[in-house]
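One structure below.
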Amino acid sequence: MENPFYITGIIPEPYFCDREKETAWMVQTLKNKAHILLTSPRRMGKTQLIRHVFEQPAIKDNCYTFYTDIYPTTSLHELVLFLSKEIYSVLVPKGKAALDKFLTAIRSLAGSFGYDPIASTPIFDVKLGDIRTPELTLEEIFNYLEHADKPCVFAIDEFQQIAYYPKKNVEATLRTHIQKMSNCMFIYAGSNRLILENMFNSSAQPFYNSAEQLYLDCISKDVYTGFAEEQFTKAGRTIAPEATSHTYDLFEGHTYYVHNVLHNAFAYIDSDKVIDIEDIDKTLSDILEEKGRTFASVMNQLNYQQKETLVAIAKEGKATSVTSVAFVKKHTLKSPSSVQYAIKTLLEKQLLTYHNEGRSKVYRVSDRFMEMWICRTY
Ligand SMILES: Nc1ncnc2c1ncn2[C@@H]1O[C@H](COP(=O)(O)OP(=O)(O)OP(=O)(O)O)[C@@H](O)[C@H]1O
Ligand SMILES: [Mg+2]
């Protein structure tokens, strides 16, 4: 029996939970020819939502859809490579004519294609070094999308990366092109809300006001638990409603973590047994034990101050006023300035995240499993 709780890869439609309102809104927004900025905390479900939107008939039957995750990129060269690779891979199943059309359009890379003699099609095996004029290639890519025979939707995931590129005009270059396009809508997604909202909400920035915004929150408790119980029932199994409710509450509904616990409960609890709260707690302990090795090695790479700061924040859950004397005292830390210093590194390493509540910053350990593991271990 297939495990209905997917924790990796693309979720097949029957196992995709809810997001009905968000999906309808995104489809409608794209139909209205507006771009979308999609943000959420990490592992809430942005990428899955984009994939789901692409599966909707209104999009699937009428548009070309593209998706690229630019997290690894650090320059316009790489961005251009990622965009063109994605277009190429979408066109491969459409055959020679479609491929030829694209490869002819990106003339600046013409000398860099290979050739597949059996299928008699060009192969896109462009290396980074082949991209000598990224601005020109970018223009050619956008030109191609603008003149495609169907509307295009291009999702660029982890879009905040652009802000880290050393060359500062990339945002402006992209925006100049995109502004002129009417056949291609973009979905910009990412979890670094601070950077993304600054890119789109401050009037000095090129992307200012250029996208409709959606902040993705948890799936509501009744919808998620209903979905989860139904998945067990369909598989001929039973989970006690208190157990699904308990799992949801452990992580305040944070999608990936709730889903991962139910995935493992489905996989490892005896299929004749009614799954109860104890089974869930046991499943969670096993997950933490298994992931503990990785967490331990992450902790090993931190210095003492960073470690004790991370532990203090984990124990606090949502930590405010972390550089106050009261916080330092409560957790017997060294000093407010050492905490401040440690937090900077922990944020850079993405072990911590924060959001603003009024004027104060609320810090939290990014990975909810790691937070729990730290609380149990230290
Ligand atoms: N609608 C959904 N139905 C079922 N499971 C979901 C859904 N959304 C998210 N998940 C679960 O949460 C996991 C994380 O989702 P996803 O990768 O889309 O999050 P994300 O917000 O893109 O995360 P990141 O910021 O790390 O890229 C999925 O692999 C899946 O296990
Ligand atoms: Mg993602």
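Whatever order the structure lists them in is the order used to number ligands and atoms, beginning at 1. We use all heavy atoms of the structure for the numbers below, so side chains are in, but hydrogens, waters and symmetry mates are not.
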- Which protein heavy atom lies closest to atom 18 (O) of ligand 1, and at what distance to 0.1 Å? Gln48 N, 2.8 Å

- Message: With nothing but distance in play, are any N or O atoms of Lys46 less than 3.5 Å from an N or O of ligand 1?
- Response: yes

- Task: Report the part of Arg43 (side chain from C-beta onward, or backbone N, CA, C, O) that has a heavy atom under 4.0 Å from ligand 1; answer both or neither where that applies.
- Result: both

- Note on the structure: Members sharing Ile59's hydrophobic cluster, built from side-chain contacts under 4.5 Å between Ile, Leu, Val, Met, Phe, Trp and Tyr, are Trp25, Met26, Val27, Leu30, Ile36, Leu38, Leu49, Ile50, Val53, Phe54, Tyr67, Val153, Met185, Ile187, Leu214, Leu216

- Query: Any side-chain donor-acceptor pair under 3.5 Å between Glu229 and Thr225?
  - Reply: no

- Message: I'd like to know if the side chain of Gln301 and the backbone of Val298 have a donor-acceptor N/O pair within less than 3.5 Å.
- Response: no

- Among protein heavy atoms, which lies nearest atom 19 (O) of ligand 1, and at what distance? Gly45 N, 3.0 Å

- Query: Are side-chain N/O atoms of Glu158 and Gln160 paired as donor and acceptor at under 3.5 Å?
  - Reply: yes

- Query: For atom CD of Glu278, is the number of surrounding heavy atoms from other residues, nucleotides or ligands below 6.0 Å larger than 12?
  - Reply: no

- Item | Under 3.5 Å: donor-acceptor pair, side chain of Asn62, backbone of Lys150 | no

- Message: Check whether Asp270 reaches the backbone of Lys273 with its side chain - one donor and one acceptor, N or O, closer than 3.5 Å.
- Response: no

- May I ask you to check whether Thr255 has an N/O atom sitting below 3.5 Å from an N/O atom of ligand 1? no

- When you measure from atom 6 (C) of ligand 1 to each heavy atom in Ile11, Thr8, Asp69, which option holds the nearest one? Ile11

- Query: Can you check whether Ile219 has an N/O within less than 3.5 Å of an N/O in ligand 1?
  - Reply: no

- Task: Step by step, work out the salt bridge (charged side-chain N to carboxylate O under 4.0 Å, His left out) result for Lys291 and Glu371.
- Result: CA-CA 12 Å; Lys291 294 190 187 282; Glu371 178 183 278; over 6 Å; no

- Going by the side chain to side chain donor-acceptor pair (under 3.5 Å) test, name the single residue among Glu20, Glu13, Arg19 that passes it with His52. Glu13

- Based purely on interatomic distance, does Met44 place a nitrogen or oxygen under 3.5 Å from a nitrogen or oxygen of ligand 1? yes

- Query: How close does the nearest protein non-hydrogen atom get to atom 1 (N) of ligand 1, and which residue and atom is it?
  - Reply: Cys17 O, 2.9 Å

- Query: Checking Asp249 side chain against Glu252 main chain: does a donor-acceptor pair fall under 3.5 Å?
  - Reply: no

- May I ask you to identify, for Tyr6, whether its side chain, its backbone, both or neither come under 4.0 Å of ligand 1 on a heavy-atom basis? backbone

- Query: Cut-off 3.5 Å, side chains only: do Asn143 and Glu139 have a donor facing an acceptor?
  - Reply: no

- Query: Considering all heavy atoms of both residues, which atom of Tyr224 and which atom of Val258 are nearest to each other, and what is their separation?
  - Reply: CE2-CG1, 3.3 Å

- Message: If you measure every N or O of Leu49 against every N or O of ligand 1, does any of those distances drop under 3.5 Å?
- Response: no

- Message: As an exercise, identify every atom of ligand 1 less than 4.0 angstrom from a heavy atom of Arg42.
- Response: 24 (P), 25 (O), 26 (O)

- Under 3.5 Å between some N or O of ligand 1 and some N or O of Arg19? no

- What protein atoms of element N, O or S are positioned under 2.8 Å from the Mg ion (ligand 2)? Thr47 OG1

- Item | Nearest-contact summary for atom 17 (O) of ligand 1 - protein heavy atom, Å | Thr47 CB, 4.0 Å

- Task: Considering heavy atoms of the protein only, find what lies nearest to atom 12 (O) of ligand 1 and give residue, atom and distance to 0.1 Å.
- Result: Tyr256 CA, 3.4 Å

- Message: Please determine whether side-chain contact (heavy atoms from CB on, under 4.5 Å) holds for the pair Val311 and Met299, giving the CA-CA distance in whole Å, both sets of side-chain angles, and the decisive distance to 0.1 Å.
- Response: CA-CA 10 Å; Val311 172; Met299 291 299 266; 3.9 Å; yes

- Query: What residue and heavy atom of the protein are closest to atom 29 (O) of ligand 1, and at what distance?
  - Reply: Ile7 O, 3.5 Å

- Query: For ligand 1, which part of Glu158 has a heavy atom less than 4.0 Å away: the side chain, the backbone, both, or neither?
  - Reply: side chain

- Indicate the ring-plane relationship of Phe369 and Tyr257, choosing parallel, tilted or perpendicular according to the 30° and 60° boundaries. perpendicular

